[in-house]
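Letters A, B, ... mirror the listed sequences (proteins, then strands); counts begin at 1.
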There are 2 protein chains.
Amino acid sequence: MVEKPQIPSQQPASAEPPGPPRSSAPTSADVARQAGVSRATVSYVLNNTSAVRISEPTRRRVHEAARELGYVPHAAARSLRAGHTRIVLMPAPDVPVGTLYSGFLNEFQWALSRFDYTAVQYGSVGVGGDDAARAWAELRPVAVLAPAGMGRRGIGILQRSGARAVITLGAEPVEGAHALIADHRAVGRVAAHHLRERGHRRIGVLMPREEGLDAFAVPRLAGVRETGVEAVALPVAYDEENAAQVVAHIRELGLSAVFAYNDEYAMLLMRALQDAGVAIPDDVAVVGADDLMLGRLLRPRLTTVRLALPSGQELAEFVDRLVRTPPAGPEIRDVLDASLVRRESA
Amino acid sequence: MVEKPQIPSQQPASAEPPGPPRSSAPTSADVARQAGVSRATVSYVLNNTSAVRISEPTRRRVHEAARELGYVPHAAARSLRAGHTRIVLMPAPDVPVGTLYSGFLNEFQWALSRFDYTAVQYGSVGVGGDDAARAWAELRPVAVLAPAGMGRRGIGILQRSGARAVITLGAEPVEGAHALIADHRAVGRVAAHHLRERGHRRIGVLMPREEGLDAFAVPRLAGVRETGVEAVALPVAYDEENAAQVVAHIRELGLSAVFAYNDEYAMLLMRALQDAGVAIPDDVAVVGADDLMLGRLLRPRLTTVRLALPSGQELAEFVDRLVRTPPAGPEIRDVLDASLVRRESA
DNA sequence: TTGAAAGCGATACCAG
DNA sequence: CTGGTATCGCTTTCAA
């Protein structure tokens, strides 16, 4: 690289006029200069440090200068110095997600911000397992909601990187981490229990072929089986043609009831059943899940399983407690509440 | 600092035995010590610095040590030194979002990671305007997808904080920033244009009362009006009772067609119309939007407006170009493509 | 080929 | 009450 001959003595006297225009953001040093104080003082004033008393006029000058320059503290520098961040990392959902979960996420983020945490959703797409864990660990989050797929190794990486709370989110706990259990077997159990009471002993269970839905569909099927009813898995794609085939299959097998995975698949199935002249619920009973509005609009009205998550506020408190006073052992919490909404279709 | 008398030869043979247990994460210095090299060498090896050649045995020792210690670089330190980050910040959606947008987000994040950016969704809930902008700026993102609500001031803050590309996402451009225009008027226009062709001159437009949906509903209504058809705004809540009232209103007004905001509201409306004995499309025609699967399941099948966004890949390239070679002026891009899907309901 | 050391920006000691 | 200054972990000249 060519040495550019510098003429150092020719610096203009005024604060920041011509010359190379400010390319990057102003630092606390700039604010200090502008206010005529030291960097330390700037820090004290801007952080309201109570251990030290700064005179009112000085405070004003500092605030003034900060405002004028448009000073914004540098998060990286701050957390480097502090030795920790207030970042709570969570996976951005990688499958289309219902209003239940996305509503919950928003509420949770908002609640975290009340506790002065910075909620960051990190894309989990495209990197798997330990690599993802390492990428996440680089941000040195104080807490992590780890996706289901992250194994013990990944958990360990996160913990060793300084995360005070690593919380897995999935069907079952991972050793060494706290766990929020969303046990979808409960969904199948509730649906099947109802059908069983109504006299059905052998039922079909829709299994969406859609990518990423197995994670929920398989446990729901298992839940159905736990109740003792005989369950026939019926793979189905979300289109009418395939639904018609499934209906044919249902008739061949002589099934008297179907648990449809969720309300949308229930709607698909009901349409196909009705188009085939099958009466609901008399010939075939149908149960959905999620309690979407559309279930109330179907005819017959859809019997469904309503799911509920804890409030974002509750979970934010949970995270905060884990961070502030880490318990001796892992804490396990069941979070998915399933209850039957009985209408007309079953 | 007190000089600690080191007895270099007495290092225990095993990796990391007694002494004060590692409380926090290992640093590159730890790796260097373990490998018996300098921190600089560690950096060279781990970053594959091409400007400098390191012997193969040394490389191996460094990698080994890093693996053993579970070393993960500290993102904050790295970007502090580098003077910039690779963070692309975008707002986490604050309203329940359809599969269209959430699918797009995932694709986009994945595509960004192919370009070696770190996509971070930042919760936008609970902080407004300039405060949000400041909070975002603390992370020193290299690019920002700014939510619609962020004004010129916020944009400026972000830019001065060093963001190389600030891209607004909304109905109209904000001065000084690049813009991705999602002009929802086009949706209303497409729907109304079709209805107009079919002879309707005066139509109802459903306006969801749901929080946060105005942002889309209002422009869609405006789009309808642009086509010259007379539009009557019909506020509606998402429940059957209210829908029935809206139907009564529709009959009083003698409207022959309704643009239902989206497919879900269209379904609600159709149910209410049919319950009231109104024939679709003969008495009242209905057009939805979003082209959800459920539209195909309704009877009559729902005529709707399909929306399309550019691919995540495309947009990631756009962002990358803006970051690498910032153009002289702002770039404006229309991203929302609306087209009619003609079925039976209108 | 490797090491020593400067510095990125903010904070918290300890003197003055 | 305010100002120097060491420090966090990492990269990158510059010297050896």
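- Taking the six-membered ring for Trp and thresholds of 30 and 60 degrees, B/Tyr117 and B/Phe115 have ring planes inclined between 30 and 60 degrees apart.
- For CD of B/Glu175, the number of neighbouring non-hydrogen atoms (other residues, nucleotides, ligands) closer than 6.0 Å is 12 at most.
- For the pair A/Glu331 and A/Arg321, the salt-bridge criterion is met [side-chain N within less than 4.0 Å of a carboxylate O].
- Non-hydrogen atoms lying under 4.0 Å from DNA chain D are contributed by A/Val52, A/Arg53, A/Ile54, A/Ser55, A/Thr58, all within residues 48-66 of chain A.
- If you check the side chains of B/Gln313 and B/Glu107, you find no donor sitting under 3.5 Å from an acceptor.
- Relative ring orientation between A/Phe318 and A/His178 is described as perpendicular, the plane-to-plane angle rising above 60° on a 0-90° scale split at 30° and 60°.
- Here A/Tyr71 pairs with nothing under the ring pair (Phe, Tyr, Trp, His ring centres under 6.0 Å) rule; sequence neighbours left out.
- Side chain A/Tyr44 to base C/dC13: a donor-acceptor pair is found below 3.5 Å.
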Quick tally for nucleotides 5-10 of chain C: nucleotides whose base has a protein heavy atom under 4.0 Å get B, sugar-phosphate-only ones S, the rest -, giving -BBBBB

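- No donor-acceptor pair closer than 3.5 Å links the side chain of B/Thr49 to the backbone N or O of B/Ala51.
- Although no hydrogens or angles enter the test, the distance criterion places no donor-acceptor pair under 3.5 Å between the side chain of A/Thr41 and the main chain of A/Val37.
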